[in-house]
Amino acid sequence: MSKTESPESQEKDLDHGESLLAKIALEAELADYSPVKGCMVIRPYGYAIWEMVQSTLDKMIKETGHENAYFPLFIPESFLKKEAEHVEGFAPECAVVTYGGGKELEERLVIRPTSETIINYMFSKWIQSYRDLPLLLNQWANVVRWEMRTRLFLRTTEFLWQEGHTAHITKEEAEVEALKMLEVYKTLSEEFLAIPVIDGIKTDSQRFAGAVTTYCIEGLMKDGKALQMGTSHYLGQNFAKAFDTKFQDQSGQLQYVHQTSWGVSTRLIGAIIMTHNDERGLKLPPNIAPIQIIIVPIYKEAAEKETVLKKCKELKEILKGSFRVKIDDRDQYSPGWKFNHWELKGVPIRINLGPKDIANNVVEIVRRDTNEKLKNIPQNGLLQYLLKLSTEIQENLFRQAKDFQNKNTFNVSNEKEFTEKIQNGGFLTAFWCGNNSCEENLKQKTKATIRCIPFKLPVDQNKEEGYCISCNKNSNQKVFFAKAY
RNA sequence: CGGGGCGUGGCUCAGCUUGGUAGAGCACCUGCUUUGGGAGCAGGGGGUCGCACGUUCAAAUCGUGUCGCCCCGACCA
C-alpha cells in the first residue's frame, strides 16, 4: 500500500477540505460536533474505545501502586496564580466562572485546565510526616482549555484524561516515578494502541508550565506530523513551595515534597485514527478494539436464515470467552453493506458465514489490517486459529506503523537540508546546541519544533558530537524535530 | 483576530447570474422481490431555504446587517 509510504499522499484523497481525521471520526461514528465551538460529543463507539484505553491504563496505574481519587472541576482563581510559571502558561486558556446562583461570585472559579494547584492544596493538608509519603494518586477527569483552533480528538476545548499526581521524599524518588509512568505510557502506546513512539525530554520552550523536567512520548502520524501522546513531569518543589506542601523528615526537619504529574487524554483516540487507517476507514488494534470479531450471517430464505443464525450463535459461544465478539443479524442491511460498515469502523476480524460454509464446516475470515480474505477456514480449531490471527494483526499493525516511522525519520546535518527535508513531514534528527534562539529560528522558518531530546537515537545514528544546524556551534546532543499537532 | 469557503428535508448538494412561492441522490416509512462486497421496483412522509431588516405586486434568488460552522494562519504542557 503506497499510502503508508508517503506522508503527503493521503491529503490528496480528501473531500471538501475536511481532514482525514474528521472524516473517519464522523463517518465511523466515533464523535460528532457539538453546538459549542471546539467541543465534541464522543459517541458510543468512540467512547467504547476510550473505555478500552481507560481500563487498560487504569490497571497499569494501579499495578504501579497508585490509587484513584477525584478532585473538583472548579478551582479558586487565586490557586492558579500561586505558581508563577504555571499561571503564565495557563491563564490565557482558562475558562472562568463569574456567576453562580444568580449572583456574581466573590471569588471567580477557574474550570480546571489541569489540577496541580487544587491537588497541592489538599496534599498540604494531608501530608505531615515522611510516613505519609510517597502519596500516589490518579484521577480520571475532564479538563477545559480554551484553544483557538481545535480538531476532533487531537485538540478539543474540553477533553477527557487521567492525571496522576504524586509526592515524594526525595528528588531521586520523584524522578524515578516520572520516568516509570512515562514507561507505562510507552507500553500502552506500543503494545495496546500499536503506535511506536519516541521517548525523551522536552526542551525548555516545550516544558510544562511549572515543571522542572517534562518527559514525553511522541508519535508520528500518517500525514507526517508528530503528535505528543503523553507527558510525565518532574515538578521539583515548585508547587510544594507555592502551596507549602511540607513534611517532617526523620530528623525532625520540615522539608518540601518533590512531586510528579503525568497524563494522557482522549487525544490517544486521535492518534489511533491518524496511525491506523486506509481508504476504507479505521483499523483498530485487537487489544483495544471494542468489537474484535464481527460475525456477518449470509442467507436467502427463512429456513436458511434460521440455520445460519444458529451456527453464528454457536460460534459466538465458543469465542466469547476469549474475544469481544458480535453478530450483526440486522435484516435491513445486506451482507455487502455490513462488510463496508464494519471495515469503516475498524473491526480487526470479520467472519462471513453462509450456507456454503456450513455445508463444508468452514468459515470465511477477513482481516482488517491487510484486507486479506481467508477462505475455507475449518470450524474445528477456530478459536486457536483466531487467537493466533489476532496476535498477528496486533503485531502487524505495530510493524506497519514502525516501518512508516523508520521510513520517515531522516538525519540532517545543516539548516538548508533541514528546511528542504521538513517540507515533506516526518521526524528529522539533527544536532542542536541547546539554545532556545536556535530552536525559535528554525520554528519561524519551517514551523517545525523540537519534539524531544530522545533517550535513544535510532540505531544507525550513534555519532556523539556535531554542530548545531542553526548556529553551527559544537553540540553533543541530537534531537528530534517535526511539525506537530 | 486576519485570509478563504459555506449555511436550502436527517445527510451530501443543485437551484441564485436572468426574482414568480423548492428539487435530486442517499437515508426514512409501506408492500413485494432480494441478500457471498454498499439490492431492485412501486407507493409514501418530511424543508416558513441560518436569522433580521430592506427593495418589489412577488425574495431561497437582489441589497444591508447579523449569527453560526468548516478550512488556512496567529495561539497551544
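Protein chains get the first letters and strands the later ones, always in sequence-line order, with residue 1 at the start of each.
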Quiz item: Taking only residues two or more places apart in sequence or in another chain, which ones pass ring pair (Phe, Tyr, Trp, His ring centres under 6.0 Å) with A/W146?
Solution: none

Self-check item: Any donor-acceptor N/O pair under 3.5 Å between B/rG37 base and A/N352 side chain
Solution: no

Exercise. Between B/rC29 and B/rC13, how far apart are the P atoms? Round to whole Å, please.
Key: 24 Å

Practice problem: Would you indicate what A/D331 reaches in the nucleic acid, counting non-hydrogen atoms under 4.0 angstrom: base, sugar-phosphate, or nothing? | Solution: nothing

Self-check item: Nearest-angstrom distance, P atom, B/rC49 to B/rG9
Solution: 10 Å

Quiz item: What nucleotide among B/rC71, B/rA74, B/rG36 has an atom nearest to a side-chain atom of A/M148?
Solution: B/rA74

Quiz item: Which nucleotide in the list B/rC76, B/rC28, B/rG37 gets nearest to the side chain of A/E93?
Solution: B/rC76

Practice problem: Report the nucleotide, chosen from B/rG37, B/rG38, B/rC70, that has the shortest atom-to-atom distance to any side-chain atom of A/S334. | Solution: B/rG38

Practice problem: When you get a sec, tell me which of B/rC75, B/rG38, B/rU35 is the closest nucleotide to the side chain of A/N340? | Solution: B/rG38

Self-check item: P gap between B/rC11 and B/rC28, integer Å
Solution: 15 Å

Self-check item: Quiz item: A/K373 side-chain donor-acceptor pair to B/rG37 base, under 3.5 Å
Solution: yes

Exercise. In whole angstrom, give me the gap between the C1' atoms of B/rC67 and B/rA52.
Key: 10 Å

Practice problem: Could you check whether A/F159 gets within reach of a base, just the sugar-phosphate, or nothing at all, counting any heavy atom under 4.0 Å? | Solution: base

Practice problem: From the options B/rG37, B/rC76, B/rU35, select the nucleotide whose nearest atom is closest to the side chain of A/R350. | Solution: B/rG37

Quiz item: Touch check for A/R267, heavy atoms < 4.0 angstrom, all strands: base, sugar-phosphate only, or nothing?
Solution: nothing

Quiz item: What ring-ring contact (aromatic ring centres under 6.0 Å, His included) pairs are there with at least one residue in residues 216-236 of chain A, not counting sequence neighbours?
Solution: A/F208-A/H233

Self-check item: SB check A/E364 A/K356 (cutoff 4.0 Å)
Solution: no

Quiz prompt | Test item: A/R267 side-chain N/O and A/L154 main-chain N/O as donor-acceptor pair under 3.5 Å | solution = yes

Practice problem: May I have the distance from A/K345 (atom NZ) to B/rG38 (atom P), rounded to whole angstrom? | Solution: 20 Å

Exercise. For A/P92, answer base if it contacts any base atom (sugar-phosphate contacts may also be present), sugar-phosphate if it contacts only those atoms, and nothing otherwise; contact means non-hydrogen atoms under 4.0 Å.
Key: nothing

Quiz item: Do A/H86 and A/F239 make the cut of ring centroids closer than 6.0 angstrom?
Solution: yes

Quiz item: With pairs taken as Watson-Crick or G-U wobble and both distances under 3.5 angstrom, which stems of at least three consecutive pairs involve RNA chain B?
Solution: B:1-7 with B:67-73, B:10-13 with B:23-26, B:28-33 with B:39-44, B:50-54 with B:62-66

Self-check item: Proximal nucleotide (of B/rG37, B/rC28, B/rG38) relative to the A/R280 side chain
Solution: B/rG37

Quiz item: Where the side chain of A/V366 is concerned, which of B/rG36, B/rG37, B/rC76 is the nearest nucleotide?
Solution: B/rG37

Self-check item: Nearest to side-chain heavy atoms of A/K447, which nucleotide of B/rC76, B/rG38, B/rG73
Solution: B/rG73

Quiz item: Just checking A/K37: base, sugar-phosphate only, or nothing, at a heavy-atom cut-off of under 4.0 Å?
Solution: sugar-phosphate

Practice problem: Describe the nucleic acid contact of A/G354 in one word from base, sugar-phosphate, nothing, applying a heavy-atom distance below 4.0 Å. | Solution: base

Quiz item: Is the backbone of A/L282 close enough, under 3.5 Å, to the side chain of A/R368 for a donor and an acceptor to pair up by distance?
Solution: yes

Quiz item: Can any side-chain N or O of A/N238 pair as donor or acceptor with the backbone N or O of A/G210 at less than 3.5 Å?
Solution: yes

Quiz item: Using a cut-off of 4.0 Å on non-hydrogen atoms, how would the nucleic acid contact of A/W146 be classed: base, sugar-phosphate, or nothing?
Solution: nothing

Quiz prompt | Length of the line joining A/D32:CG and B/rC70:C1', which is rounded to integer Å | solution = 14 Å

